[in-house]
2 protein chains.
Amino acid sequence: MARRNTNRRVGIADVARMAGVSHATVSRVMNGNAAVDPDIAARVRAAAAELKYQPNPVGRSLALGKTDTIGIVVPDLANPTFQAILRGLSIAAAQDGYRVLIADSSEVTSEEAILAGEARRRCDGVVLCAPRMGDAELEELAPTLHPLVLINRTTVASNTPSLSVDYSQGIQELATHLVSLGHRKIAYLEGPLHSASNRQRLAGLEQFQAKHPDIELQFLEAGSNFDSGHDATDAVVASGATGILAFNDLVAMGLLSGLHERGIRVPEDISVTGFDDIPFARYTMPPLTTAAVPINELGSLAWRRMREQMQQSADATEAEESAQDVFEPRIEIRRSTAPVSLPVG
Amino acid sequence: MARRNTNRRVGIADVARMAGVSHATVSRVMNGNAAVDPDIAARVRAAAAELKYQPNPVGRSLALGKTDTIGIVVPDLANPTFQAILRGLSIAAAQDGYRVLIADSSEVTSEEAILAGEARRRCDGVVLCAPRMGDAELEELAPTLHPLVLINRTTVASNTPSLSVDYSQGIQELATHLVSLGHRKIAYLEGPLHSASNRQRLAGLEQFQAKHPDIELQFLEAGSNFDSGHDATDAVVASGATGILAFNDLVAMGLLSGLHERGIRVPEDISVTGFDDIPFARYTMPPLTTAAVPINELGSLAWRRMREQMQQSADATEAEESAQDVFEPRIEIRRSTAPVSLPVG
DNA sequence: ACGCTCCGAGAAAACGCTTTCTCATTGATT
DNA sequence: AATCAATGAGAAAGCGTTTTCTCGGAGCGT
């Protein structure tokens, strides 16, 4: 015996007793599974209503082998990108009667695998955002998490869908935009060093450099949040670059603020670009030129891929090749970028 | 029988078989509950490790009568305030080994009660943010949700803790700040009409009016998001007010942007205040004068109250008077407010 | 050497539900 | 009128744990 019987919630047995039928019958009418005599069904329903009976989800989960819940693991819930993914996912999942369980790893990479595993055990599937997890660890982890959908990561086990943003392409377009405005000295404010999406941007810039050997491209350390952009202000000024590609909008905004404090005008003196097009990007002063990622769509597509995968593993039609969705960012030209001003002198 | 036995996950029975002991013993060593022979314990642990056994949380939940999960229902996950509460809650709860389950009512008030009930059944407790739910409905719902903690609402059933922000006080301080700058015509950009926190601000302004009968106070409809602030720009201009109290920072930012588009300078022509001090408030142009609510703290305190309550209902020490925490906003004077400019002429 | 106590492990019940299995009852068919 | 199929409800097993209950065996005292 597990718990004292005191204070029990109303259970299926109570309804059964009140309606004068067996548990089984109550279950049947609640789920509309098998044919049951209309009179009896009515009696059961009346009893259930009278007692305000609501099936215990834990019991159901155990019997059914599903929890109607999916987990999402994110590195940092303070990041607008993950907030937006979470939101898109949550809304889409809710439409199908699923809930989402959060696991915030607080940027502690070593916890991610554990959290993901735990989430998977509690839920019917996991959406994993783990930008800094090592590739090897991811490869090992992924099979144990199935159904799994990856965000901004891919795995060789090709039956796990992944959604990603083409950061390489986006950053190249932003860089090209700056060049088209006449900028010749460009600096990239790097994101976290081990972040997969930072690596993609670097790769994109390498391609860009190859195409534009005449452009002077510098790399400055920054990070992924507002403060790291703000802190990078001096380095930016020292670099002498006229066009700045920030890792993301947050970093760009921090930089904007730092430049403003030093009386450096944007875009007259320096052009700045962000990345992501978070909701606030259009309201900075000046409004931020950035690469727009349809992030809510990403959240809801994540759910769709998850659902597909849960269905096909229910059908036991295993190992189907899964979709690899890549979102092409669309650059959004606002007023933080402008033609380079004439060199003094 | 519920599911086909194919593809089963490794369960306690497998470990028991491998170690040559009973389920019970495995459970005992996994939980360190009773004394078990060190040799046997070692054998069990070895088997568990070998099979990578991880207890099924659903089974545990059923046996233990707890899920180690709490639910939070929010009206809109896009709102930075709720994002921050969620985050604070999630991090604090995680520290105690609890996870949080999200229920986003998407502003559909009629769904809130249902979502809350469902969340409660799935979880060990619920944090409820339901600013627009009717008082009567809340009174009826609250007892069924226990352990429950309310955000920005109170209930007469005084054994449910509630955390709230003193919006009345905050808005009065902001208004007083404007007055001290010489503003005599002030407009309040109202939030959603049925929102409890909007009502509190109105009440605060009523007190303010009583103290300052000479001030001309106008009420303009707006809403709770950026766009509603932006849309209210014309009305603001038409009102002739020189000091604007926006419902919250989002509305203020929208207004800032609208005013900027019309070439109206802030703070030279019009002073604007927000409410909440969301992270972006300090980075608007100009930085926004606002009332700072320690929102992360609110999230973590919500968890503490929840935990206290779960403990005391475990102790069966029922009906203890619960804490009603009210946070006093601290006004944060930035550059969106300034002395009123001399009337022309 | 016998009986008593104590320790520790297995058997089994319990958590709350779903679903298969089984069987009684009814209505139809020959 | 007697057999058969169909219908529908109850009994019971099963989901994966934890925990109580029970009991065998070892250690102790006399």
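Lettering of chains follows the sequences in order, A, B, ..., and the numbering in each one begins at 1. Just so it is clear, the values below take in all heavy atoms, side chains as well, and ignore hydrogens, waters and symmetry mates.
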Starting from P on D:dT18, measure out to NZ on B:K66 and report it in whole angstrom.
12 Å

Taking side-chain contact (heavy atoms from CB on, under 4.5 Å) as the test, write out the residues that go with A:A94, two or more places apart.
A:R99

Return the set of residues passing side-chain contact (heavy atoms from CB on, under 4.5 Å) with B:E107 (not counting sequence neighbours), or none when no residue passes.
B:P75, B:D76, B:R132

Compare side-chain N and O positions of A:Y53 against OP1 and OP2 of C:dC17 and report whether any pair is under 4.0 Å apart.
yes

What pairs with A:R60 under side chain to side chain donor-acceptor pair (under 3.5 Å), at least two apart in sequence or on another chain?
A:N31

Provide the full list of ring pair (Phe, Tyr, Trp, His ring centres under 6.0 Å) pairs with a residue in residues 90-124 of chain A, sequence neighbours left out, each pair given once.
A:Y98-A:W303

Those residues at least two apart in sequence (or on a different chain) that pass salt bridge (Lys or Arg N to Asp or Glu O under 4.0 Å) with B:D37 are none

Applying side-chain contact (heavy atoms from CB on, under 4.5 Å), can you list everything that pairs with B:T144, at least two apart in sequence or on another chain?
B:L141

Can you tell me how far P of D:dC15 sits from CD1 of B:I12, to the nearest Å?
14 Å

Looking at every non-hydrogen atom in both residues, tell me the closest pair between A:Q83 and A:L77 and how far apart they are.
NE2-O, 2.9 Å

If the cut-off is 4.0 Å, is A:N31 near the phosphate of C:dT18, judged by side-chain N/O to OP1 or OP2?
yes

Grab the CZ-C1' distance between A:R60 and C:dT19 for me, whole Å please.
12 Å

Terminal helix-axis angle for the helix from C:dA1-D:dT30 to C:dT30-D:dA1, with five pairs defining each axis and rounding to 10 degrees
60°

Among D:dT17, D:dG14, D:dT19, the nucleotide that comes nearest once only the side chain of B:L64 is considered:
D:dT19

Short heteroatom pairs, N/O only, protein and nucleotides 8-10 of chain D, under 3.5 Å:
unit_1 : atom_1 : unit_2 : atom_2 : d
D:dA9  : OP1    : A:D37  : N      : 3.0
D:dA9  : OP2    : A:D37  : N      : 3.3
D:dG10 : OP2    : A:S22  : N      : 3.1
D:dG10 : OP2    : A:S22  : OG     : 3.1
D:dG10 : OP2    : A:T25  : OG1    : 2.7
D:dG10 : N7     : A:R28  : NH2    : 2.8
D:dG10 : O6     : A:R28  : NH1    : 3.4

Those residues at least two apart in sequence (or on a different chain) that pass side-chain contact (heavy atoms from CB on, under 4.5 Å) with B:Q54 are A:R121

